[in-house]
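Report on one structure; see the data block that follows.
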Amino acid sequence: MELNGTVKSIIFRNATNGYTVLSLLSSDEKTVTTCVGTLPLLNPGDTVIMTGEPSYHARFGSQFKVASYERKAPSSETSIIKYLESGAVRGVGPSMARAIVSTFGLETLNVLENEPERLTEVPGIGKKKAKMISDSFREKKLFRDVLISLEPYGVTVGQAYKMMQTYGELCLAKVQENPYQLIDDIDGIGFLTADKIATHVSGFEQDSLARLMAGTRYCLQQARDERGDMFLPRDLLLQRASALLGASVEQIEETVDWMIDGEDLLTAQVNDVEAVYLPYLLKIEDYTAKKLLLLNESPTRELWDLQKWQSRTGLELSQEQQKAVLLALNNGMSIITGGPGTGKTTIIRCINDAMQEKGLTAELAAPTGRAAKRMTEATGTEARTIHRLLEYIPGEGFQRNRDNPLLADAVIIDEMSMVDAPLMYALLQAISKGTRLILVGDRDQLPPVGCGNVFSDALASGCLPSCRLTEIFRQAQRSAIVRNAHLINQGRMPVLADRDSDFIFEEIPNIDRIRSRLTELVLKEKEALGTSDPLLDVQVLVPMKTTAIGVSELNRLLQSVLNPPSHLKTEHISGATVFREGDKIMQIRNNYKIEWRKNGSFGQFEEGVGVFNGDFGTIIRIIPNEKTAVIGFDDGRVAEYAFAQLEEIDLAYCITIHKSQGSEFSTVILPLAGGPVPLLTRNLLYTAVTRAKKLVYCIGRKETVARMVQNAQRTERNTGLRQRLEEYADLR
């Protein structure tokens, strides 16, 4: 059976496999049919002939199951207008579509592709807008060409868009020249996809050196990205690469030796193991160890009047705190660690104030925007993210570096446990000898999302001045959150019976009941959660993504009750996610190119670029005709996202505990009801509890809490920083 018509709207599309549900307006414009199938290239306004058969879905009713389709170029002025006014071309709405077709008639599409300068003949279109319209039209054609060529080999809609953005008009030529470069350049493309393209498109042989080298390198990249490893032991690398490539260990050994000879890989001895590194990671470790020790050689001891500061502020430092402050002020490099309630924030404030009283300057920074905001509120001095401190510019890198260092007497970094090895390397390059570096954090938190474990390794080396805070202050002792966090960290069960404290536990063994209780809490028991606005103040944290009480399912559930569908709210489907105006979202990967604006002082606008993994925000507006969404972030930045970029954000009503690092929330709801042992660990529970400022509301099974407390398992990362610090310290 055949259907002829125009795509009216995309109801659903899975960005991974291209499965699409769309509405098709018949050629006579009398009927609308719901069509389903793998249709990744179709968009509103496309004229098509579809072949398939009618089907019936128990929930969604009558549908047309598409077996194949043929896209037809719009052949009449009416069909061209329909195509343009559908939103297929950015910047063209219904009135503009009619004006363009009125000017060029059946030549419209040719003008858009080949003579874009003629668009200025249309009233209301200047040179800038003409370029935007033409670029959008050409982008769509290039995008289709790329996806048609590469979709059979596992390239998704989102990945094809990124290839086009990265490589431009030479996209297909560059992919064919070296498909393995996609692994480094395109987020989400791994060795298996690149290998399919190399085999079927570019004709690479299975035992070609290029393939063996790419697969070996990919094993190291995978270890870096999935486990945070800086290196792999040689024997383990040989085993993994052999399994991945279907090659003998001997072939891989020859490949590794070849790559080492050519310095594509580097080796070092770490704990009596031959460690194989990606070259830049070994450079990072080596430089970090040397620079930390160099910085520690700098300042001489001075007299600091802490009593004066205490008198002025009315705060009294404990002996432990005074020791930490003097350690930081009198050393070029220092590390301060401690759990909740041990006074880390007070110490940062004291260090900052003491330096200001002597006319010295301090830069304050943290890995995330939320942590920087907390630092600002606690000290009264502006704190920035490390990226902003180092003045990152997309395509150009960090503007603060060894040639343009930070001009400060001290740099204080909070939430240091979150800082991965590459970011630490960038920071150290911007710090000159003579500038104090003070690292503050909680070593018992989870390791950074990125590779390395700088804070923990630096502490463990014993080569740098450090102080561990253990005393819990009286005010903090009144908090069950603080008391329970320390009990958990000591491997002891938290107190769960006190319903009148700021740590509440409800025993709910049934998962369905946990889901319904969660809904009750956010809708009907706001007072119990200590808020009038759960959307703003409450954060649900879970250990896993894909269970019935994992991130995906709970986000759908909470979205449906906290931000339900409405005719007043525009929606857009991206992959399997429905994004709706008013949704709470989180950025899930760094994007250094997105432009943002922010209201500044005296009515001025501040402008910049870059949003980062872990930034929280709200969808302010969705604009279907322009294929964009406007997002307002918690720190006041406002950015515009193309629909294809929405795979970089996720709903954030519920997030994983890992993703919560560095953030603080007024109220944390913690559903816990079993799961794989490797995911249910003590430091995961400790991290979750310490994210709450006013209330932890745990619902689930006491048995799961007990299992997590007892499970002290930590995944040890393959890192060499501790050993390098020890070796270089011995040489000084």
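Using modelled atom types, no side-chain atom of Asn453 and backbone atom of Pro447 make a donor-acceptor pair closer than 3.5 Å. Listed for the Arg682 side chain is a donor-acceptor partner under 3.5 Å among the backbone atoms of Val709. With hydrogens and angles ignored, the 3.5 Å screen pairs no side-chain donor or acceptor of Ser242 with any backbone N or O of Leu238. At least one donor-acceptor pair closer than 3.5 Å links the side chain of Thr361 to the backbone N or O of Asp409. The backbone N or O of Ile393 sits nowhere less than 3.5 Å from a side-chain atom of Gln399 that would complete a donor-acceptor pair. Judged purely by atom type and a 3.5 angstrom limit, Glu363 has no side-chain atom pairing as donor or acceptor with the backbone of Leu389. A donor-acceptor pair under 3.5 Å is absent between the side-chain atoms of Ser660 and the main chain of Ser663, judged by distance alone. A donor-acceptor contact shorter than 3.5 Å is absent between the side chain of Gln587 and the backbone of Val611. In this structure, Ser334 contributes its side chain and Pro465 its backbone to no donor-acceptor pair below 3.5 Å. In terms of modelled atom types and a separation under 3.5 Å, the side chain of Asp420 and the main chain of Pro448 share no donor-acceptor contact.
The neighbour count for Glu316 CD, taken as heavy atoms of other residues, nucleotides or ligands under 6.0 Å away, does not exceed 12. When the shell of 6.0 Å around CD of Glu377 is examined, it contains more than 12 heavy atoms from other residues, nucleotides or ligands. Enclosure of atom NZ in Lys593 is not indicated, since only 12 or fewer non-hydrogen atoms of other residues, nucleotides or ligands lie within 6.0 angstrom. Atom CH2 of Trp258 has 12 or fewer neighbouring heavy atoms from other residues, nucleotides or ligands inside a 6.0 Å radius. At most 12 non-hydrogen atoms from other residues, nucleotides or ligands lie less than 6.0 angstrom from CD of Glu595.
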Report the C-alpha distance between Leu306 and Cys350 in whole Å, list the side-chain angles of each, state the deciding distance to 0.1 Å, and finish with yes or no for side-chain contact (heavy atoms from CB on, under 4.5 Å).
-> CA-CA 8 Å; Leu306 299 187; Cys350 181; 4.1 Å; yes
How far apart are the C-alpha atoms of Arg312 and Asp353, what are their side-chain angles, what is the distance that settles it, and do they pass the salt bridge (Lys or Arg N to Asp or Glu O under 4.0 Å) test?
-> CA-CA 11 Å; Arg312 180 170 59 79; Asp353 284 3; 3.7 Å; yes
Val325 and Leu317: side-chain contact (heavy atoms from CB on, under 4.5 Å), yes or no, with the steps?
-> CA-CA 9 Å; Val325 171; Leu317 297 178; 4.3 Å; yes
Determine, step by step, whether Glu415 and Gln661 satisfy the side-chain contact (heavy atoms from CB on, under 4.5 Å) criterion, reporting the C-alpha distance in whole Å, the side-chain angles of both residues, the deciding distance to 0.1 Å, and the verdict.
-> CA-CA 9 Å; Glu415 294 287 357; Gln661 289 182 85; over 6 Å; no
Decide yes or no on side-chain contact (heavy atoms from CB on, under 4.5 Å) for Lys598 and Phe633, but give the supporting numbers first.
-> CA-CA 10 Å; Lys598 181 179 180 179; Phe633 289 96; over 6 Å; no
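For the atom pair CD (Gln429) and OH (Tyr287), the distance works out to 5.0 Å, reported to the nearest 0.5 Å. Here the SG-CG distance, from Cys219 to Leu278, works out to 10.5 Å after rounding to the nearest 0.5 Å. Summarising the geometry, atom CD1 belonging to Ile386 is positioned 4.5 Å from atom CG belonging to Leu423; distances are rounded to the nearest 0.5 Å. Summarising the geometry, atom CD1 belonging to Ile186 is positioned 3.5 Å from atom OG1 belonging to Thr166; distances are rounded to the nearest 0.5 Å. Expressed to the nearest 0.5 Å, how far OG1 of Thr337 lies from CG of Asp442 amounts to 5.5 Å. Atom CG of residue Leu265 and atom OH of residue Tyr277 lie 13.0 Å apart, to the nearest 0.5 angstrom.
Tyr686 and Pro340 make their closest contact through OH-CD, 3.1 Å (heavy atoms, listed as atom of the first residue, atom of the second, distance). The nearest pair of heavy atoms linking Pro676 to Met544 is CD-SD, 3.3 Å. Shortest non-hydrogen contact noted between Arg714 and Arg443 is NH1-O, 4.1 Å. Contact record, Met416 with Val454: CE-CG1, 4.0 Å, taken as the closest heavy-atom pair. The heavy-atom pair separating Leu684 from Ile657 by the smallest distance is O-CG2, 3.4 Å. The shortest heavy-atom contact between Leu725 and Cys463 is O-SG, 3.7 Å.
Remark: Glu391 engages Arg400 in a salt bridge, criterion side-chain N to carboxylate O under 4.0 Å. For Asp615 and Arg637, the salt-bridge test passes: some basic side-chain N is under 4.0 Å from an acidic carboxylate O. Ion pair Arg388/Glu606 flagged as a salt bridge, since at least one NZ, NE, NH1 or NH2 atom sits closer than 4.0 Å to an Asp/Glu carboxylate oxygen. Between Asp635 and Lys373 no salt bridge is recorded (no basic side-chain N to carboxylate O distance below 4.0 Å). Contact check on Arg589 versus Asp650 returns no salt bridge, with no Lys/Arg side-chain nitrogen under 4.0 Å from an Asp/Glu carboxylate oxygen.
With no hydrogens or angles considered, no side-chain donor-acceptor pair links Asn711 and Thr681 at under 3.5 Å. With 3.5 Å as the limit, one finds no donor-acceptor pair spanning the side chains of Thr346 and Gln321. For the residue pair Thr719 and Asp457, a side-chain donor N or O sits within less than 3.5 Å of a side-chain acceptor on the partner. A donor-acceptor contact under 3.5 angstrom links the side chains of Thr687 and Gln445, judged on distance only.
Taking 4.5 Å as the limit, every side-chain heavy atom of Lys290 sits out of range of all side-chain heavy atoms of Arg724. The side-chain heavy atoms of Leu292 and Leu437, taken from C-beta on, include a pair separated by under 4.5 Å. Within the 4.5 Å cutoff, the side chain of Lys308 has heavy atoms near those of the Glu357 side chain. With contacts defined as side-chain heavy-atom distances shorter than 4.5 Å, the pair Arg217/Leu220 does not qualify. With contacts defined as side-chain heavy-atom distances shorter than 4.5 Å, the pair Ile655/Leu541 qualifies. For the pair Thr435/Leu406, no side-chain contact is recorded, criterion being any heavy-atom separation below 4.5 Å from C-beta on. No side-chain heavy atom of Lys659 sits less than 4.5 Å from a side-chain heavy atom of Val551. Inter-residue side-chain proximity for Val677 and Arg707 is flagged as met; some heavy-atom pair is nearer than 4.5 Å.
Taking the six-membered ring for Trp and the full ring otherwise, Tyr392 and Phe612 have centroids separated by 6.0 Å or more.
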